[in-house]
Amino acid sequence: MSSKIRVRYAPSPTGELHIGNARTALFNYLFARHNGGEFIIRTEDTDTRRNLEYGEASQLDNLSWLGIDWDESPLNPGEHGPYRQSERLSIYQPLIDQLIEEDKAYKCYMTEDELEAEREAQRARGEMPHYGGQHSNLTQEERDAFEAEGRVPAIRFRVPANEIYEFEDMVKGKVSFESKNISGDWVIQKKDGMPTYNFAVAVDDHFMEISHVLRGDDHIANTPKQMMIYDAFGWEYPNFGHMTLIVNSETNKKLSKRDGGILQFIEQYRRLGYLPEAMFNFITLLGWSPKGEDEIFSKEEFIEIFDVDRLSTSPAAFDAKKLEWINNTYVKAASLDEIVDLSLPHLQEAGLIDGEPDKKEIEWARKLVSLYHDEMSYGAQIVDLSTLFFNNDLHIDEASKEELSQETASVVIDAMAEKLEALPEAEFVSENIKPLTKEIQKETGVKGRKLFMPIRIAVSGQMHGPDLPSVIEVLGKEKALDHIKQVKTQMN
């Protein structure tokens with residue numbers, strides 16, 4: 001094994017990048033970069049039935065969007081390639097042949113129907129289903145007979161008897177497995193000639209000189225099988241680390257792809273207009289904690305402070321509200337132009353802004369987004385936040401009607417309507433609108449809540465919202481006056 005730290009993220013191209021997989025990639029990336037090591041991506045694509053044409057490209061694209069870069073991959077191969085398992089069959093086959101030759105593996109001709117019948121019988125007896133080893137010691141004549149029937153064998157690895165597989169896990173500490181608890185001799189090569197996961201991953205990690213294998217806790221049961229392959233060839237183990245699983249913060253249950261209450265794919269957050277820096281920050285805190293109380297860090301800061309010893313031994317809670325808070329922190333720190341770029345596609349998709357807006361429309365959209373810049377957690381929120389600018393009918397609620405029942409409400413609303421009407425279109429900007437309430441206060445003697453609240457409700461239909469002069473400017477003279485007219489009607 002190389003003395004240099006080399007870690008890998010090995011996705012299957014069967015779908016988009018999941019939050020859990022993104023975390024695995026991110027922790028490996030931070031571990032490598034913190035220690036001056038190398039981060040490798042290889043594609044585990046031997047499950048040809050489930051592979052998607054866009055799977056690999058989608059994974060790499062979303063990793064790149066998050067801000068993760070890599071040293072070797074299918075797109076920028078190094079000296080340890082190929083980087084797709086489907087292109088490494090010539091590496092696997094001689095090793096499988098060697099195991100058969102050394103009687104560490106053997107051909108099993110059992111059909112799926114026979115295996116299922118065995119499992120059913122075991123369940124009926126209350127046993128854990130497992131392979132019983134029926135074909136572990138076939139004679140040459142028996143093998144010839146099965147092949148004459150047209151049976152194609154799978155290759156099974158002989159599980160050593162009475163062995164203990166023990167390792168020091170980077171997260172969990174000392175972990176131990178007994179070989180007798182492995183569910184029988186396991187398949188290392190399927191009937192279609194493809195290697196199985198546990199065989200291929202051990203071979204790949206060895207030949208790619210992977211020094212540390214950092215992955216999710218759901219892989220820990222695979223570790224002894226992979227250690228068997230290392231032992232069979234006399235290879236040195238990598239260092240293993242198994243991160244605790246991510247759970248739903250509300251149910252405390254493992255985050256499942258079937259859990260409809262949480263968006264779980266990076267692409268979904270990307271489409272909603274989340275910022276990649278915020279996603280990077282949030283995911284890093286899923287099962288890892290820095291020293292101190294701070295929770296907002298740049299990628300460069302995370303690389304500097306990342307310590308694998310601070311990986312949590314407790315499940316990581318996925319808190320959607322915390323994600324929104326972190327993203328809002330980044331949104332507030334971002335430039336208005338960046339947030340406009342995030343928001344505009346959602347206004348267009350909702351049909352609120354023209355698909356090819358002219359310069360005037362873009363400038364108006366910029367003013368609109370500026371009203372909610374500090375409030376937004378992600379780009380798509382602009383559609384719901386800004387409804388008052390697109391609804392033609394204004395309806396006020398009971399609380400607003402209560403505010404408007406004050407005897408001075410009509411006085412200040414009428415005064416504002418007159419002043420807005422008198423303001424020329426060319427001068428209809430917040431700087432000129434802001435002094436109007438002061439003028440109305442002087443003219444009517446009404447001040448405080450009785451002055452500001454009726455005007456806000458009359459113009460926006462809401463008791464709370466962004467800076468009112470800016471709201472009026474973005475509404476425009478015609479719409480602002482129409483709103484006042486609608487509210488006056490509902491007051492009567």
Side-chain angles (χ1 to χ4, degrees), residues 1 10 42 44-48 82 85-119 122 128-167 177-208 210 213 219-238 240:
M1 187 192 302
R42 69 166 184 257
E44 296 181 348
D45 61 346
T46 55
D47 191 349
T48 54
Q85 284 186 338
S86 61
E87 298 172 0
R88 296 175 63 83
L89 300 183
S90 62
I91 296 173
Y92 306 133
Q93 192 59 56
L95 295 170
I96 291 171
D97 293 342
Q98 179 182 335
L99 292 177
I100 294 173
E101 180 67 25
E102 295 174 355
D103 200 31
K104 295 175 181 176
Y106 59 89
K107 296 179 179 180
C108 174
Y109 295 87
M110 289 186 72
T111 66
E112 186 53 46
D113 288 342
E114 290 170 340
L115 291 168
E116 181 56 35
E118 178 183 34
R119 290 190 288 264
Q122 289 165 343
M128 182 70 70
H130 62 279
Y131 169 65
Q134 292 87 329
H135 288 193
S136 60
N137 292 292
L138 295 176
T139 65
Q140 185 60 51
E141 290 75 14
E142 288 172 322
R143 289 195 291 270
D144 291 343
F146 281 131
E147 292 187 7
E149 290 179 24
R151 294 198 187 195
V152 177
I155 309 301
R156 290 185 179 271
F157 184 84
R158 291 189 190 277
V159 174
N162 303 316
E163 285 287 334
I164 294 178
Y165 293 91
E166 193 170 84
F167 60 96
F177 291 91
E178 295 184 48
S179 62
K180 67 181 182 181
N181 294 325
I182 304 297
S183 57
D185 296 343
W186 50 281
V187 174
I188 59 173
Q189 187 176 44
K190 295 176 283 188
K191 294 182 180 183
D192 63 3
M194 285 293 184
T196 58
Y197 169 78
N198 282 310
F199 176 79
V201 74
V203 171
D204 291 344
D205 284 344
H206 171 73
F207 283 106
M208 290 185 174
I210 300 302
V213 173
H219 280 285
I220 196 163
N222 292 322
T223 307
K225 291 183 177 180
Q226 294 164 20
M227 293 171 75
M228 291 176 195
I229 299 301
Y230 275 84
D231 287 346
F233 293 110
W235 298 337
E236 183 183 350
Y237 304 145
F240 293 105

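Hydrogens, waters and symmetry mates are skipped; everything else that's a heavy atom, side chains included, is used.
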So salt bridge (charged side-chain N to carboxylate O under 4.0 Å, His left out) across residues 187-202, not counting sequence neighbours, yields none

Under 6.0 Å between ring centres: does that hold for Phe177 and Tyr165? no

Pro238 and Val213 have their tightest heavy-atom pair at CG-CG2, 3.8 Å

Measure centre to centre between the rings of Trp235 and Phe207, then say whether the value is under 6.0 Å. yes

Could you tell me whether the side chain of Ile155 reaches within less than 4.5 Å of the side chain of Pro195, counting heavy atoms only? no

Using side-chain heavy atoms (C-beta onward) and a distance below 4.5 Å, is Phe240 in contact with Ile220? no

Residues two or more places apart in sequence or in another chain: which of them pass side-chain contact (heavy atoms from CB on, under 4.5 Å) with Gln122? Glu118, Arg119, Arg125, Glu127, Pro129, His130

Flag the pair Asn162 / Lys180 as yes when at least one side-chain heavy-atom distance between them is below 4.5 Å, and no otherwise. no

Run the side chain to side chain contact (heavy atoms under 4.5 Å, CB included) test on Tyr237 and Met227 for me, step by step, so that the C-alpha distance in whole Å, both residues' side-chain angles and the decisive distance to 0.1 Å come before the verdict. CA-CA 7 Å; Tyr237 304 145; Met227 293 171 75; 3.4 Å; yes

With Tyr131, which residues qualify under ring-ring contact (aromatic ring centres under 6.0 Å, His included), at least two apart? none

Restricting to pairs with a member in residues 152-165, which pass salt bridge (charged side-chain N to carboxylate O under 4.0 Å, His left out), not counting sequence neighbours? Asp103-Arg158

Contacts of type side-chain hydrogen bond (donor to acceptor under 3.5 Å, both in side chains), residue Asn181, not counting sequence neighbours: none

Going by atom types alone, do Gln140 and Asp144 pair a side-chain donor with an acceptor below 3.5 Å? yes

Tell me, please, which residues at least two apart from Glu149 pass side-chain hydrogen bond (donor to acceptor under 3.5 Å, both in side chains). Arg151

So, does Ser179 use its side chain to make a donor-acceptor pair with the main chain of Pro160 at under 3.5 Å? yes

Using side-chain heavy atoms (C-beta onward) and a distance below 4.5 Å, is Tyr230 in contact with Glu236? no

Between Glu116 (side chain) and Asp113 (backbone), is there a donor-acceptor pair under 3.5 Å? no

Could you list the residues that satisfy ring-ring contact (aromatic ring centres under 6.0 Å, His included) with Tyr92, not counting sequence neighbours? none

Can you list the residues that meet the side-chain hydrogen bond (donor to acceptor under 3.5 Å, both in side chains) rule with Asp47, with sequence neighbours excluded? none

So which pairs with a foot in residues 194-208 pass salt bridge (charged side-chain N to carboxylate O under 4.0 Å, His left out), sequence neighbours left out? Arg8-Asp205, Arg42-Asp204, Arg42-Asp205, Arg88-Asp204

Quick check for you: to the nearest 0.5 Å, what is the distance between His206 atom NE2 and Ile91 atom CD1? 11.0 Å

Ser136: partners by side-chain hydrogen bond (donor to acceptor under 3.5 Å, both in side chains), with sequence neighbours left out: none

Going through the distances and angles, do Glu114 and Gln134 end up as a side chain to side chain donor-acceptor pair (under 3.5 Å)? CA-CA 11 Å; Glu114 290 170 340; Gln134 292 87 329; over 6 Å; no

Validation row, ring centre His219 to ring centre Tyr197 under 6.0 Å: yes

So, do Met194 and Leu89 sit near enough that their side-chain heavy atoms are less than 4.5 Å apart? yes

Test of understanding: with ring-ring contact (aromatic ring centres under 6.0 Å, His included), list the residues that count as partners of Tyr109, not counting sequence neighbours. Phe146

Are any side-chain N or O atoms of Lys104 and backbone N or O atoms of Ala232, one a donor and one an acceptor, separated by less than 3.5 Å? yes

Not counting sequence neighbours, which residues clear ring-ring contact (aromatic ring centres under 6.0 Å, His included) with Phe199? List them please. none

If you round to the nearest 0.5 Å, how far is CG of Leu115 from SG of Cys108? 6.0 Å

With the side chain counted from C-beta on, respond yes when Thr223 and Phe167 share a heavy-atom pair under 4.5 Å apart, and no when they do not. yes

Nearest-0.5 Å distance, CG of residue Leu99 to CE of residue Met228: 13.0 Å

To the nearest 0.5 Å, atom CG of Asn198 lies from atom CG of Asn222 at 4.0 Å

Is there a side-chain contact between Tyr106 and Pro153, using heavy atoms and a 4.5 Å cut-off? no

Between Leu138 and Lys107, is any pair of side-chain heavy atoms under 4.5 Å apart? no

Heavy-atom pair with the smallest gap, counting every atom of Glu44 and Ala10: OE2-CB, 3.2 Å

Closest contact, heavy atoms only, Val187 versus Thr196: O-OG1, 2.7 Å

How about Asp45 and Gln85: does a side-chain donor come under 3.5 Å of a side-chain acceptor? no

